[in-house]
Amino acid sequence: MANIRIRGPRPIALQAEPLSKFAGAFRVLQSGDKALIEKNRQANTHLIRNVNVPLFNGQTFPGEGNDVGRGRTESTMVVNFGKMANISSDVQALLKTSAPGSKYTGNTGADYTVDGKDPTPVALDVVRDLSVQGIDQYRVTTIIDPQALANANDAERDAARAAAGLKPLAEGAKGRLTLTAGLSTTDHGMPAMNGDRFRENVAQLASQNYLLTAQKKDPARGMVSQDTIDKVASTFSKGYTDFVAKYATKACPGIDSQVKQADGSYKKGGAVPNTSFPSLADMGISVIGMKDGSTALVVTDTAKNAANREGMNNFNNAFNAHMSQVVNKSFENDDAAKKLGNRFSIRSYPVTPMEPDSDKRDLTLIQPSTVITMEPYAAAVTRAYECATHNEPLRDKDEPHMHAIEGLYGKEVLENAAKIAGPSASVDRELAISQAKDVYAELHSKADDLVVGREAAGYEMDGVEG
């Protein structure tokens, strides 16, 4: 097969990672439960993890030489390496795992074939550096053929739908990849639900979603108005404040599903799975209202950490299930707001911010991250990744590289994306530090009366990071 050339969509090579980081990101690789380990191996679910895919967000600024700087959005995509890649036996041994290999083909290059098999939708490029000691002498680069991965995902989903007695995916839903992107929501740099900052996040992420789906021949398609952004942002920020107030000292038994009836009314169904959680107080978390109207969640009792991981994951599930219902009801007659609102969710997780102008860290706050789910066609992901990493085609050494970007997206699409995102506010660094100090001081003064334990909360959250 050495003389057979392979054609197909361009693959993308993600940032290299030390082996410890690469392996540590798998969701279920090791467990004390042998039966669970074997079950996951059989289903190839032990090799599922998020990969980071930076996307060009439409923003440009002066760069070096003949190039321009490009703004980017950090997004994540779930990849099942067990089903989408052929992993050599040597690398499997390093990962302490086993996987039978992929039945799908893709254009990840002849260099990444395993045991003479065709290239697959995903491949691993592993380089060993003998000047480094330990496991991290191995560095792993994930190489993806986005179109092949989307096609393989479609085949997997259609198989699952057939097993459940459902129709195959509609043609318009095929050939797409699911990406999530998140931005931290802060009150002048401190983790909290702040309405103004949340609105900025919604606008930026809505702009990114538009850029991934817009067409040069029809730039108006998918355009989002500032009024729609206002509606979605205010609905979510108020919804968050109301939700945490409701469950500050009361447990959530679960969010009842809502089934729309023929007459337009809604009837309660069964509880949505994984949406029950203890009260925030029982998880050691206090709700604090700030004088500017922001809502902060502060860990004030670290002795209750045991309930936090599952509890906070379920808190996120419950809030997002609740807001899905709110969005569908509130925007029943506003299709643009309903579509945009249903792309958003909130992922809350603990962080220990540094006091402004200091290296002191003695408050653990719950960070509400603004998260969008996007489903662009695979080719759009390739284009956005290549532009974000300065690897787009049509680059001409004698022309400003912005011309290549305009050629790929179209000038009007880029202008529309900028309109959705809104103007970038100028930042007065000294004022920003002063405002952050004021917020930090206010948080301290209000939290000090509630603190039971001051140690940093030692738990992490699943999902998108801010």
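Since we're looking at a predicted model, the values are computed, not measured.
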Inset, instruction - Start with the C-alpha distance between Val272 and Asp256, add both sets of side-chain angles, then the distance that settles side-chain contact (heavy atoms from CB on, under 4.5 Å), and finish with yes or no. - result: CA-CA 6 Å; Val272 178; Asp256 287 321; over 6 Å; no

Inset, instruction - Answer yes or no: are there more than 12 heavy-atom neighbours, outside Lys238 itself, under 6.0 Å from its atom NZ? - result: no

Legend entry - Side-chain heavy-atom pair His322, Thr275 within 4.5 angstrom cut-off: no

Inset, instruction - Would you indicate whether the side-chain heavy atoms of Tyr377 and Leu212 approach each other to under 4.5 Å? - result: no

Legend entry - Candidate pair Asn52 and Glu74, rule side-chain hydrogen bond (donor to acceptor under 3.5 Å, both in side chains), full reasoning: CA-CA 7 Å; Asn52 185 59; Glu74 299 297 334; 2.8 Å; yes

Legend entry - Heavy-atom closest pair, residues Leu340 and Ala206: CD1-CB, 3.9 Å

Inset, instruction - Return yes if some donor-acceptor pair links the side-chain N/O of Thr228 with the main-chain N/O of Val224 below 3.5 Å, else return no. - result: no

Inset, instruction - Output the distance between atom CG (Asn57) and atom CG (Leu414), rounded to the nearest 0.5 Å. - result: 10.5 Å

Legend entry - Any side-chain heavy-atom pair of Glu386 and Arg10 under 4.5 Å: yes

Legend entry - Carboxylate-amine/guanidinium contact Lys339 Asp335, below 4.0 Å: yes

Inset, instruction - Would you kindly say whether Arg197 and Asn201 are connected by a side-chain donor-acceptor distance under 3.5 Å? - result: yes

Inset, instruction - Using a strict 4.0 Å threshold on nitrogen-to-oxygen distance, state whether Lys83 and Glu156 make a salt bridge. - result: yes

Inset, instruction - State whether the side chain of Asp282 and the backbone N or O of Pro278 hold a donor-acceptor pair below 3.5 Å, judged by distance alone. - result: no

Legend entry - Pairing of Arg139 and Asp129 as salt bridge, 4.0 angstrom limit: no

Inset, instruction - Enter the distance from Leu19:CG to Leu95:CG here, rounded to the nearest 0.5 Å. - result: 6.0 Å

Legend entry - Side-chain donor or acceptor of Asn314 paired with backbone N/O of Ser276 under 3.5 Å: yes

Inset, instruction - Report the residues that fulfil salt bridge (Lys or Arg N to Asp or Glu O under 4.0 Å) with Asp218, sequence neighbours left out, ordered by chain and then residue number. - result: none

Legend entry - Pairwise side-chain contact, Thr120 with Met84, heavy-atom cut-off 4.5 Å (strictly under): no

Inset, instruction - Given side-chain hydrogen bond (donor to acceptor under 3.5 Å, both in side chains), test Thr180 with Thr76 step by step and report yes or no. - result: CA-CA 5 Å; Thr180 58; Thr76 61; 2.8 Å; yes

Legend entry - Main-chain N/O of Ile346 paired to Asn320 side chain as donor or acceptor, under 3.5 Å: yes

Inset, instruction - For the pair Arg221 (side chain) and Lys217 (backbone), establish whether a donor and an acceptor sit closer than 3.5 Å, ignoring hydrogens and angles. - result: no

Inset, instruction - Check Thr185 against Asn194 and note the closest heavy-atom contact, atom names and distance. - result: CG2-N, 3.8 Å

Inset, instruction - Kindly compute the distance separating NZ (Lys411) from CD (Glu406), expressed to the nearest 0.5 Å. - result: 6.0 Å

Inset, instruction - Look at the aromatic rings of Phe243 and Phe277 and report parallel, tilted or perpendicular, splitting at 30° and 60°. - result: tilted

Inset, instruction - Please round to the nearest 0.5 Å and tell me the distance separating atom OG1 of Thr73 and atom CG of Leu183. - result: 7.0 Å

Inset, instruction - Using atom types as modelled and distance alone, determine if a side-chain donor or acceptor of Asn317 lies under 3.5 Å from a backbone N or O of Asn274. - result: yes

Inset, instruction - Measure the shortest side-chain to side-chain distance between Leu280 and Phe315 over non-hydrogen atoms and say whether it is less than 4.5 angstrom. - result: yes

Inset, instruction - Take His46 and Phe26 through the test ring pair (Phe, Tyr, Trp, His ring centres under 6.0 Å) and record every step on the way to the result. - result: CA-CA 7 Å; His46 63 300; Phe26 287 115; 8.1 Å; no

Legend entry - Gap separating the CG atom of Leu297 from the OG1 atom of Thr364, nearest 0.5 angstrom: 12.5 Å

Inset, instruction - Check whether the side chains of Arg199 and Gln226 place a donor and an acceptor atom closer than 3.5 Å, and report yes or no. - result: yes

Legend entry - Tyr104 side chain vs Ala85 backbone, donor-acceptor pair below 3.5 Å: no

Inset, instruction - Please confirm whether the backbone N or O of Cys387 pairs with a side-chain atom of Arg70, one donor and one acceptor, at under 3.5 Å? - result: yes

Inset, instruction - Go through the steps for Tyr138 and Leu94 under the test side-chain contact (heavy atoms from CB on, under 4.5 Å), then give the verdict. - result: CA-CA 9 Å; Tyr138 298 95; Leu94 290 171; 3.8 Å; yes

Legend entry - Charged tip of Arg383 within 45° of Phe56 ring normal and under 6.0 Å: no

Legend entry - No-hydrogen, no-angle side-chain donor-acceptor test under 3.5 Å, Ser330 and Thr235: no

Legend entry - Closest approach of Ser75 to Leu55 (non-hydrogen atoms, all atoms of both residues): OG-CD1, 3.6 Å

Inset, instruction - Using a strict cut-off of less than 4.0 Å between a Lys/Arg side-chain nitrogen and an Asp/Glu carboxylate oxygen, indicate whether Lys21 and Asp136 qualify as a salt bridge. - result: no

Inset, instruction - Determine whether the side chains of Asp187 and Ser294 contain a donor N or O and an acceptor N or O closer than 3.5 Å. - result: yes

Inset, instruction - Check whether any side-chain N or O of Gln92 sits under 3.5 Å from a backbone N or O of Ile87 as a donor-acceptor pair, and report yes or no. - result: yes

Inset, instruction - Go through the steps to decide whether Leu14 and Tyr385 satisfy the test side-chain contact (heavy atoms from CB on, under 4.5 Å), and finish with yes or no. - result: CA-CA 9 Å; Leu14 305 183; Tyr385 178 82; 3.8 Å; yes

Legend entry - Whether over 12 other heavy atoms sit under 6.0 Å from Lys103 NZ: no

Inset, instruction - Flag the pair Arg361 / Met354 as yes when at least one side-chain heavy-atom distance between them is below 4.5 Å, and no otherwise. - result: yes

Inset, instruction - Rounded to the nearest 0.5 Å, what's the gap from CD on Gln208 to OG1 on Thr213? Could you check? - result: 10.0 Å

Inset, instruction - Decide yes or no on side-chain hydrogen bond (donor to acceptor under 3.5 Å, both in side chains) for Gln147 and Asn151, but give the supporting numbers first. - result: CA-CA 6 Å; Gln147 188 62 63; Asn151 294 344; 3.1 Å; yes

Legend entry - Check: Asp118 side chain, Gly106 main-chain N or O, donor-acceptor pair, under 3.5 Å: no

Inset, instruction - Looking only at non-hydrogen atoms, find the nearest pair between Pro191 and Pro368 and report the distance. - result: C-CD, 4.4 Å

Inset, instruction - Decide side-chain contact (heavy atoms from CB on, under 4.5 Å) for Leu363 and Thr352; before the verdict, give the C-alpha distance in whole Å, the side-chain angles of both, and the deciding distance to 0.1 Å. - result: CA-CA 6 Å; Leu363 274 181; Thr352 306; over 6 Å; no

Legend entry - Salt bridge present between Glu412 and Lys419 (N-O < 4.0 angstrom): no

Inset, instruction - Specify the closest pair of heavy atoms between Ser184 and Tyr349, including all atoms of both residues, with the distance to one decimal. - result: OG-OH, 4.1 Å

Legend entry - Minimum heavy-atom distance Ser102-Asn86, with the two atoms named: N-OD1, 2.7 Å

